[in-house]
Amino acid sequence: MSERTGIVSHPHNDGVSTFTAAQLSRVAQHGIYTSPTSLDPAATHLAEALIATLDGTAEQPVLPPDLQRMVEQVQQRASIGFPQITARDGVRLSAHTIKLNTDEPRPVVIVPAGWTPFGWGLFEYTYLQLALRGYHVLAYTPRGLGLTIAVPGKGYVDGPFTSGGTLDVAGPKDWTDGSTVIDYAERHFNPSRIAFLGESYGSGISQLVAAHDPKARVAAVVALSTWGDLAASLYQNDTRHLAAVTALLKFTGGPVERKFDEATQRILADFQAGRNLDKVVEWGRERAPSAYADETNVRGVPTFLSNTWHETLFAANQVIEHFNGLTVPKHLNLWIGDHAAPEGAGLTIPFSGPNLPVEEAFAWLDHHVLGIDNEVPAWSPVTSQIMFTYETRTDPQTGNTEIVTPAARESSPSWHDFTTSTERWYLTATASEEGDGGLGREPGTGWAREFTAGQVTEAIAADAVMTSGQDEWNGTPKTYVTEKFDRQYLAVWTSDPIQADSPGGAARRIRGICELTLSVRSTADSTTLVAYLFDVGPDRMARIITHEPLTLSGLTPEQDRSATWKLQAAGYDLPPDHRLMLVITSKDPLYSDASVDGSTTTITSPDGSAACLALPLG
């Protein structure tokens with residue numbers, strides 16, 4: 001028998017310690033995650049301090065003066081609530097309201113929480129900002145999400161931001177819950193308009209509620225670090241994205257058997273075991289906003305999407321494809337880094353300057369919901385932050401040299417206009433002292449390169465889900481020592497140093513989606529290929545541009561099979577005198593693989609079918 005604690009009017013009556021400037025600085029620099037499955041305690045500490053101050057349960061001043069003033073301003077303008085909202089099947093949803101003290105109809109922004117044990121509590125700073133911009137706010141934790149603690153002899157006790165029920169993973173129950181939350185907002189706020197804003201899990205729910213609400217009441221959506229197709233996010237090119245799902249399962253706030261119903265547990269188990277994958281795909285497609293683009297288009301819901309180039313949870317291509325299918329007023333931001341790195345800290349803490357990923361999201365709401373005549377109508381539909389222009393800066397006092405990454409951004413009238421031409425680079429025979437192959441502009445056929453499959457090498461996409469990308473967002477991307485790439489377990493093709501095509505320009509302006517074509521054979525009946533495209537400097541240190549796995553099954557040993565697949569989208573300036581390096585391995589910790597350990601994989605370029613990398617330029 002389980003025991004549930006309801007939301008109380010004062011969620012933090014056990015006291016909260018003072019939040020410090022050092023904690024603020026740490027979150028600003030390193031983001032809100034310390035690992036793929038843990039939030040920085042400073043981020044949750046600030047949220048707790050804000051909430052305790054807001055509802056009057058803080059026993060002493062716990063906020064810096066500027067945040068204290070912010071809370072006081074909201075207290076003067078609004079009434080604060082911590083209700084539970086009863087879903088149609090009786091499940092109780094933990095919620096938080098900020099209701100402006102006015103008789104004038106004002107819009108409400110509804111915020112479904114992201115996938116964390118802290119539920120809606122994490123982004124209290126965002127709710128305060130929205131209230132000061134003139135919005136009612138209704139935040140809630142989707143069903144099943146939030147901290148659930150096992151108490152010996154007493155079952156389970158839920159944390160103050162935890163909702164009842166089990167996780168539907170943005171399924172039909174979550175869509176219905178979203179409509180129930182809208183009903184609650186209409187009764188308690190009488191809003192002029194209704195918008196949804198979500199980050200990560202909350203972003204997918206926001207899009208799906210907008211497409212399915214029976215009364216079509218959602219006037220605009222902001223979806224940050226979002227997905228377009230959950231099925232493709234989980235399973236693409238016959239390869240399962242195992243590390244992402246493993247991280248998510250460890251971050252619900254409780255055990256799998258407590259957080260998911262039996263049907264969902266079977267889906268998750270099938271995914272992890274690599275069986276019944278057609279049913280897994282069907283389950284994921286049901287939760288794909290792109291599957292309901294027609295409904296969104298008919299309703300005309302202005303939709304703001306944001307994603308990252310090196311996303312390890314919801315890779316960029318499926319979001320781009322979804323964006324292309326929308327005909328509503330729309331905007332797509334693509335940033336350097338990984339999941340939640342651009343906006344996570346900006347939703348949680350104040351910065352000394354504007355946090356553009358969040359400020360632009362607010363501007364979208366201000367225009368489409370508040371009706372403010374701002375810069376949004378002049379935006380190009382696509383804005384991309386380009387990887388990487390490096391500057392070195394030396395501190396005159398310490399002598400330390402750091403890399404600074406300017407926030408270079410480019411705008412395009414559409415995703416298709418991001419790419420203006422395509423350049424073909426052919427994989428060729430031996431071209432280096434290490435025995436690597438070459439990348440050249442002329443076809444080279446009749447060669448074969450083999451490696452032993454089944455081993456992880458130094459060539460991997462990321463050290464960890466999400467956290468490697470946070471470093472990249474801060475201007476310190478992962479670097480690779482190419483001499484450590486063990487050629488026994490991978491194959492390498494490298495270009496000559498590439499010169500700038502204009503004075504002071506990049507050697508190549510990579511803009512779009514690379515496509516790789518080659519032939520492969522194996523001594524086993526299946527194999528996985530993971531392709532990586534690197535930028536290699538004169539010092540032989542490399543940085544990753546893009547990558548993507550592909551799994552091939554049903555192979556006839558020692559017979560070639562032709563394979564073509566798209567790598568993840570990239571916006572990257574290759575500096576002059578740098579080289580392109582293509583690496584193919586059989587295993588990456590992010591993914592499942594079908595490679596047989598010790599088998600031999602051979603990459604070939606038969607006569608009449610030259611192996612080729614199509615490089616998009618802009």
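Predicted model only: the values in this text are computed from it and were never measured. Residues: numbered from 1 along the sequence shown. These values consider heavy atoms only, across backbone and side chains, with no hydrogens, waters or symmetry-generated copies.
A donor-acceptor pair under 3.5 Å links the side-chain atoms of Q265 to the main chain of F260, judged by distance alone. Counting only distance, with no hydrogens or angles, the side chain of S225 and the backbone of N307 share no donor-acceptor pair below 3.5 Å. S203 contributes a side-chain N or O that, together with a main-chain N or O of S200, makes up a donor-acceptor pair within less than 3.5 Å. Not one N or O on the side chain of T476 forms a donor-acceptor pair closer than 3.5 Å with the backbone of E472. One N or O on the side chain of T116 and one on the backbone of F118 form a donor-acceptor pair closer than 3.5 Å. Under the 3.5 Å distance criterion, the side-chain polar atoms of T252 are left unmatched by any main-chain donor or acceptor of L248. Put simply, the side chain of T141 gets close to the backbone of F161: a donor and an acceptor are under 3.5 Å apart. Of the possible polar contacts, one joining the N374 side chain to the V376 backbone as a donor-acceptor pair under 3.5 Å is found. Proximity of a side-chain donor or acceptor of H96 to a complementary backbone N or O of G81 within less than 3.5 Å is detected.
Residues W335 and W309 keep their aromatic ring centres 6.0 Å or farther apart. In this structure, W120 has its ring center at least 6.0 angstrom away from the ring center of Y140.
Ion pairing of R511 with D417 is absent here, as no side-chain N (NZ or NE/NH1/NH2) approaches a carboxylate O to less than 4.0 Å. Classification of R133 and D366 as a salt-bridged pair holds, one side-chain N sitting under 4.0 Å from a carboxylate O. In summary, R287 and D168 engage in a salt bridge, as defined by a charged side-chain N under 4.0 Å from a carboxylate O.
When each of V108, V218, D177 is tested with I182 by the rule side chain to side chain contact (heavy atoms under 4.5 Å, CB included), just one qualifies, namely V218. Here the rule is ring-ring contact (aromatic ring centres under 6.0 Å, His included) with W115, and of W227, F314, Y201 only Y201 fits it. Just one residue in the list E321, R285, Q318 forms a side chain to side chain contact (heavy atoms under 4.5 Å, CB included) with S290, and that residue is R285.
Taking a 6.0 Å sphere around CG of D373, one finds it holds 12 or fewer heavy atoms contributed by other residues, nucleotides or ligands. In this structure, E262 places its CD atom where only 12 or fewer heavy-atom neighbours from other residues, nucleotides or ligands lie under 6.0 Å away.
In this structure, OG1 in T467 is found 9.0 Å from CD in Q470, a value given to the nearest 0.5 Å.
Ring-plane geometry between H368 and W364 is classed as tilted, the angle between the planes lying from 30 to 60 degrees on a 0 to 90 degree scale.
Donor-acceptor pairing under 3.5 Å is recorded for the side chains of S79 and N101.
Pairs engaging residues 34-45 under the side-chain hydrogen bond (donor to acceptor under 3.5 Å, both in side chains) rule: S17-H45, Q23-H45, R26-D40, T34-S38, S35-S38 [sequence neighbours left out].
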Going by atom type alone, with no hydrogens or angles, which donor-acceptor pairs under 3.5 Å involve a side-chain atom of residues 62-73 and a protein atom two or more places apart or on another chain?
residue : atom : partner : partner atom : Å
Q68     : NE2  : E72     : OE2          : 3.2

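Of all non-hydrogen atoms in P107 and S192, the two that sit nearest each other are N-OG, 3.0 Å.
Under the 6.0 Å distance and 45° angle rule, K330 does not count as a cation-pi partner of F304.
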